[in-house]
2 protein chains.
Amino acid sequence: MSRPEALSPARLKDAAPLFAALGDATRLGLLVSLCASGPLTVTRLSGQFDVSRQAITKHLDVLAEAGLVTSARQGRERIWTFEPKRLEDAHQYLARLSREWDVALGRLKAFVED
Amino acid sequence: MSRPEALSPARLKDAAPLFAALGDATRLGLLVSLCASGPLTVTRLSGQFDVSRQAITKHLDVLAEAGLVTSARQGRERIWTFEPKRLEDAHQYLARLSREWDVALGRLKAFVED
DNA sequence: AAAAAATGCAACCAGGGGGTTGCATCAATC
DNA sequence: GATTGATGCAACCCCCTGGTTGCATTTTTT
């Protein structure tokens, strides 16, 4: 049994695609737009970037695959919405790694003072 | 003048490579190893993964470029060390984005109740 | 019913990323 | 000083990613 906070290889395999999705300036920009302006369509979004609408569509697909956005068809247009849940996941990974480091530092300190 | 917490395009350009460096399972594994076991050499690290030493070297270079690890030559070997500072940066980005979303939700709520 | 608007789909292209192998170099040890 | 161990460097390969263009499809709107 491993602690629920442990950083198992399985967790890493889940975390990697999530961070990879965040690892692009255009995609981060899309998230910021969706955060600040609320749900938007592709054409509205692509107006704010200097790449084609299809490029933005691909980026949104990547974000959706990572669970960072969702979309719903409404008539002839598709509305894209920011999904804060997965962001919380990413935050958790970082916190766990950081905690792991602190624990290691504690061990080192105890060893040196011994 | 923009608030220091604002998510400017410049900040995004800085954040993207950082998240990109985190967006690979092997690299995350390396960070975990360096956290848990303390500073290590490439050969020691590559023993824990099923890819070549050179592949690990490339990954470490990427992590170093992102500021997530540092290295120092000691005699004939090079010691790689986890760098927690940049991890804190990544955490900050996520926190800002999350906060941006909360603010937007607050605006929406106020609008609906108006 | 025709025109316009929004999206979907497919093909294509250039570049970078992750991986490998082979060899050179530098330091430590016997 | 010769050997062994750790690393550095370079070339190469495959495939995925980010981007493009062109056209088809679906829903409004006039």
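In the text below, chain A, chain B and the rest are named by the order of the sequence lines, each starting its count at 1. Below, all heavy atoms of this structure are taken into account, side chains as well, without hydrogens, waters or symmetry copies.
- Among the protein residues, B:Arg44 comes within range of no part of the nucleic acid, since none of its heavy atoms lies under 4.0 Å from any strand.
- When rounded to the nearest whole Å, the span between CZ of A:Arg73 and C1' of C:dT7 equals 6 Å.
- Close to D:dG5, at under 4.0 Å from its OP1 or OP2, lies no side-chain N or O of B:Thr43.
- Spacing between atom CG of A:Leu40 and atom C1' of C:dA6 amounts to 14 Å, rounded to whole angstrom units.
- Contact between the side-chain N/O atoms of B:His59 and the OP1/OP2 oxygens of C:dG17 is not found at any separation under 4.0 Å.
- An OP1 or OP2 oxygen of C:dT20 is reached within less than 4.0 angstrom by a side-chain nitrogen or oxygen of B:Ser52.
- Distance B:Asp61 CG to C:dG18 C1': 13 Å, rounded to the nearest Å.
- Per the geometry, CG belonging to B:Asp50 stands 9 Å off P belonging to C:dG19, to the nearest Å.
- Here the side chains of B:Thr41 and B:Ile79 are in contact, with some heavy-atom distance below 4.5 Å.
- A parallel orientation is assigned to the rings of A:Phe19 and B:Phe19, their planes being inclined by less than 30° (bins at 30° and 60°).
- Projected onto DNA chain D by closest heavy-atom contact, B:Glu77 and A:Glu77 fall at different nucleotides, the more 5' of which corresponds to B:Glu77.
- When the P atom of C:dG8 is taken as reference, atom CD1 of A:Ile56 falls 14 Å away, rounded to whole Å.
- A donor-acceptor pair under 3.5 Å links the side-chain atoms of A:Ser46 to the main chain of A:Val42, judged by distance alone.
- Using a 4.5 Å cut-off on side-chain heavy atoms (C-beta onward), B:Val62 and B:Leu68 make no contact.
- Going from atom CD of B:Gln74 over to atom P of D:dG8 covers 13 Å, rounded to whole Å.
- A:Trp80 has its CH2 atom 11 Å from the C1' atom of C:dG8, to the nearest Å.
- Contact check, B:Arg76 against C:dT25: no side-chain N or O comes under 4.0 Å of OP1 or OP2.
- For D:dG8, neither phosphate oxygen OP1 nor OP2 lies less than 4.0 angstrom from any side-chain nitrogen or oxygen of B:Thr57.
- Nearest-nucleotide positions on DNA chain D place B:Val42 closer to the 5' end than the other of B:Val42 and A:Val62.
- Of the candidate nucleotides D:dT7, C:dG22, D:dG19, C:dG22 has the atom nearest to the side chain of B:Gln54.
- Residues B:Asp89 and B:Arg86 are paired through a salt bridge, judged by an N-O separation under 4.0 Å between the basic side chain and the carboxylate.
- Note on A:Arg53: every side-chain N or O is 4.0 Å or more away from OP1 and OP2 of C:dT7.
- Taking 3.5 Å as the limit, the base of C:dG17 and the side chain of B:Lys58 contain no donor-acceptor pair of atoms between them.
- For the pair B:Ile79 CD1 and D:dG5 P, the interatomic distance rounds to 18 Å; values are reported in whole Å.
- Side-chain atoms of A:Asp24 lie closest to D:dG18 of the nucleotides C:dA6, C:dT20, D:dG18.
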